[in-house]
Novice: 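Quick one: this structure, given as structure tokens, is what I'll be asking you about.
We're numbering straight along the sequence, starting at 1.
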Amino acid sequence: MRVFVSLSIACTTTFILIASAVLFWLISVDNSRKTTEYQLSIMADNFAADFNRYKDMAVALTLNSSVQEYLSFPRKENAKQYYTYASLATEMLLSTCNLNPNVYAIAVMNNQENDFIIKLHNSRYLSSFKSVYKNDFSQSLPLGSKMLRLTYNNAYTKSDIKTLNIYFPLYSVNIINKQLGNMCISLSNDQLFQLSHLPAGENDSCLYFLDSHGTILAAADTSVNKMPFPYFNRITNESGSFWVSRNLYIYRNIRGWGYYLVQKIPKNALFVNSVHIFLLLMVVILFMVAAGIFFSDKIVNIAYRPLNNILKAMDLVRADKLGMRIDKTRLGDDFASLAAGFNKMMDEIEHLVLQIKQDQQEKSRIQLNALQSQIQPHFLYNTLECIHWQALADGNREVAKLGMALASYYRLCLSGGKDIIPLRQELQHVKNYLLIENMRYGNIIESEISVGQELFKVQIPKISLQPLVENAIKYGARLKEGIKAYLKITAEKTISGVYIYIVNDGNGISEQEITRITGLLSQTAADSPGYGIRNVHRRIQLFFGTEYGLSFSSNAFGGITVCVHIPYTSAASGEGVPDDV
């Protein structure tokens, strides 16, 4: 029970721990996704605000009259006037630079004159500006459906500092759709700067800035700049997320401009937020497991203490202490019933052991008596045989016949030391006894033995019928009055065994007397009345079982019929018994 309870607690807590870990991980992923989406949303809104401000700056410069006059006035008509317009336009560019300190350079390209005016943060790059402009403009991409084009590089700074280069077409305010030139604004963008200079994220995390075609314009990992984003086809909405391998990608559109911010978060990084909570939970659960096992062990000990007492009592019984009994007090109803059953069982076992001891003692006594009855006749029947032969020598045949019958009688008592003999030999023993009795009392006994030869081999304890015949003669013949007794022995075989009947005519007997004789069979004292028939009854039961033995009934002749019930067990051989006695 302790093992079962401990395993149940361990399995339950393990399941709870795993379920909690999965739940915390899912919550951590969801929280990380929501946090990242919120951060990207703020960054996207800031980028949109910057781009709108850059556009407004370009539109304001486009509409400026000095810039328009510089772009639209032909230099060949009045060069002096042309340079005057150029100077005024340059002052406007200077004023714009002063108002926007993050502007590195601003230039207006005149398509009609193939000329430009410029305000540079560092004038030493003035000689190479035109070639840099042509090269960078050719690599720029339009900002979605807007007229602006954009690059992000260090083309104009010639250093590690990158600038956001915006190109805007300059149209005439007087003639529709007539492009007079282009404007180039090279400026620093704090957000792009921070994005490009972010420290390398733990577990390979990274933030990407993509254009509308999926090209990486800026990233913390500068090695992927200007490379196509490999999972751009998974970006289908303004915002969302998707899993690729072991990485979570969260994206956000810069509203109105077609650009995207994409945050890459490796799966391992998602565990960082929940690892401390998970460890704390694991410690709490392990403590609960230990406490649960400890208290369950105490409860099991208290609940099963009565059962342990019963088991200890059974161990003492196994050590042959049959007098052991269990105290039923303070055991509870269930265990009290079990203890009562145990005590009753031990009472019955003690009674059975005592009964077995008594049966063994009685059997030993019977066997000793039988042995004594065998030892005594040895000398006697040898002497009787000598008398038999001496009587024959003297011509006294009656004495010789009596001596031979008596010798045969005692020889059968020995039976070679066997306790069980064939019915044939037992009937021969009865015949010899009847012969002796008739010679003693002048043929006062009339007998008839009617047993089929098929039953001669049936096994029976020796000297079983002779004591019964002796009792039949004793209570059936009135010897002093000279009245003869009639005795008949028959046998039959049934499904339940063999029944041998000894019938006498007697002087009549009541049912109370038969009941008294039957009651003698259950007595055990050696000096109690009916020892002979009781001895026969007990020997049959000891050899064959309690379902066999003697029974008594009155008969039509006015006497008693003794029934001997034995099992049908065959001997090795058997010979017939003469009909006459």
Side-chain angles (χ1 to χ4, degrees), residues 362-382 384-385 404-437 447-473 487-494 496-502 531-551 562-581:
E362 185 174 358
K363 184 176 181 181
S364 299
R365 185 172 63 250
I366 292 173
Q367 290 175 344
L368 179 60
N369 292 336
L371 181 59
Q372 290 175 348
S373 66
Q374 293 172 2
I375 295 174
Q376 295 172 0
H378 271 292
F379 175 75
L380 181 59
Y381 77 73
N382 288 331
L384 290 173
E385 284 190 352
M404 180 55 68
L406 191 57
S408 298
Y409 175 84
Y410 283 111
R411 184 179 289 110
L412 285 173
C413 287
L414 288 177
S415 302
K418 299 177 180 178
D419 293 324
I420 305 294
I421 61 174
L423 180 58
R424 176 190 59 79
Q425 293 184 9
E426 184 65 19
L427 292 174
Q428 181 64 38
H429 184 65
V430 171
K431 185 192 74 168
N432 289 329
Y433 172 75
L434 292 173
L435 177 62
I436 294 171
E437 290 296 297
S447 62
E448 178 185 357
I449 299 177
S450 178
V451 178
Q453 292 187 2
E454 70 276 5
L455 300 178
F456 285 170
K457 297 180 181 181
V458 172
Q459 300 290 288
I460 187 172
K462 69 180 180 181
I463 316 178
S464 296
L465 300 182
Q466 182 270 328
L468 303 177
V469 171
E470 182 179 353
N471 276 345
I473 295 173
L487 183 72
K488 184 178 180 180
I489 300 177
T490 61
E492 65 175 348
K493 176 187 175 185
T494 66
S496 59
V498 176
Y499 291 88
I500 304 171
Y501 301 99
I502 303 173
Y531 176 75
I533 59 174
R534 186 170 64 252
N535 189 20
V536 173
H537 178 72
R538 292 295 295 148
R539 284 198 298 132
I540 292 174
Q541 289 190 335
L542 287 173
F543 284 120
F544 300 131
T546 56
E547 66 270 26
Y548 301 101
L550 304 182
S551 62
V562 183
C563 176
V564 182
H565 182 201
I566 59 175
Y568 181 77
T569 54
S570 179
S573 62
E575 298 178 0
V577 177
D579 293 334
D580 58 327
V581 180

Novice: Just verifying a value: how many Å separate L465 CG and K431 NZ, rounded to the nearest 0.5 Å?
Specialist: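 Output value for this atom pair is 14.5 Å.
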Novice: What are the two closest non-hydrogen atoms of S464 and V536, and how far apart are they?
Specialist: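 That would be O-CG1, 3.5 Å.
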Novice: In Å, rounded to the nearest 0.5 Å, how long is the span from CG of L423 to CD of Q459?
Specialist: 9.5 Å
Novice: Heavy atoms only: give me the nearest P567-V458 pair and the separation to one decimal.
Specialist: O-CG1, 3.9 Å
Novice: Measure the CD1-CD distance between I502 and Q466 for me, rounded to the nearest 0.5 Å.
Specialist: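 With rounding to 0.5 Å, CD1 (I502) is 10.0 Å from CD (Q466).
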Novice: Look up atom CD1 in I540 and atom CZ in R538, then write down how far apart they are to the nearest 0.5 Å.
Specialist: 11.0 Å
Novice: What I'd like to find out is whether the side chain of F456 reaches to under 4.5 Å of the side chain of L427, using heavy atoms alone.
Specialist: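 In contact.
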Novice: Among I420, I500, V498, exactly one meets side-chain contact (heavy atoms from CB on, under 4.5 Å) together with I460. Which residue is that?
Specialist: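 The residue from I420, I500, V498 that satisfies side-chain contact (heavy atoms from CB on, under 4.5 Å) with I460 turns out to be I500.
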Novice: Hey, does the side chain of R539 reach the backbone of K462 with a donor-acceptor pair shorter than 3.5 angstrom?
Specialist: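 Side chain of R539 to backbone of K462, a donor-acceptor pair under 3.5 Å: yes, one is there.
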Novice: Indicate the atoms forming the closest heavy-atom contact of E426 with I421, along with that distance.
Specialist: OE1-CD1, 3.4 Å
Novice: What distance separates S447 OG from Y433 OH, expressed to the nearest 0.5 Å?
Specialist: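 Nearest 0.5 Å value for the OG-OH distance: 12.0 Å.
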Novice: Do the non-hydrogen side-chain atoms of S496 and H565 ever get within less than 4.5 Å of each other?
Specialist: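 Yes, side chains in contact.
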Novice: Do H537 and Q541 meet the criterion of a side-chain donor-acceptor pair at a distance under 3.5 Å?
Specialist: yes
Novice: Taking the side chain as every heavy atom from C-beta outward, state whether Y501 and E492 have any pair of such atoms under 4.5 Å apart.
Specialist: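 The answer is yes, as the side chains (C-beta and beyond) meet within the 4.5 Å cut-off.
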Novice: Where do L550 and I533 come nearest, in terms of heavy atoms and distance?
Specialist: CD1-O, 3.4 Å
Novice: List the steps and the verdict of side-chain contact (heavy atoms from CB on, under 4.5 Å) for V430 and L468.
Specialist: CA-CA 10 Å; V430 171; L468 303 177; over 6 Å; no
Novice: So, taking the atom named NE2 in H429 and the one named CD1 in I463, what distance separates them when rounded to the nearest 0.5 Å?
Specialist: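 Here the interatomic distance stands at 5.0 Å.
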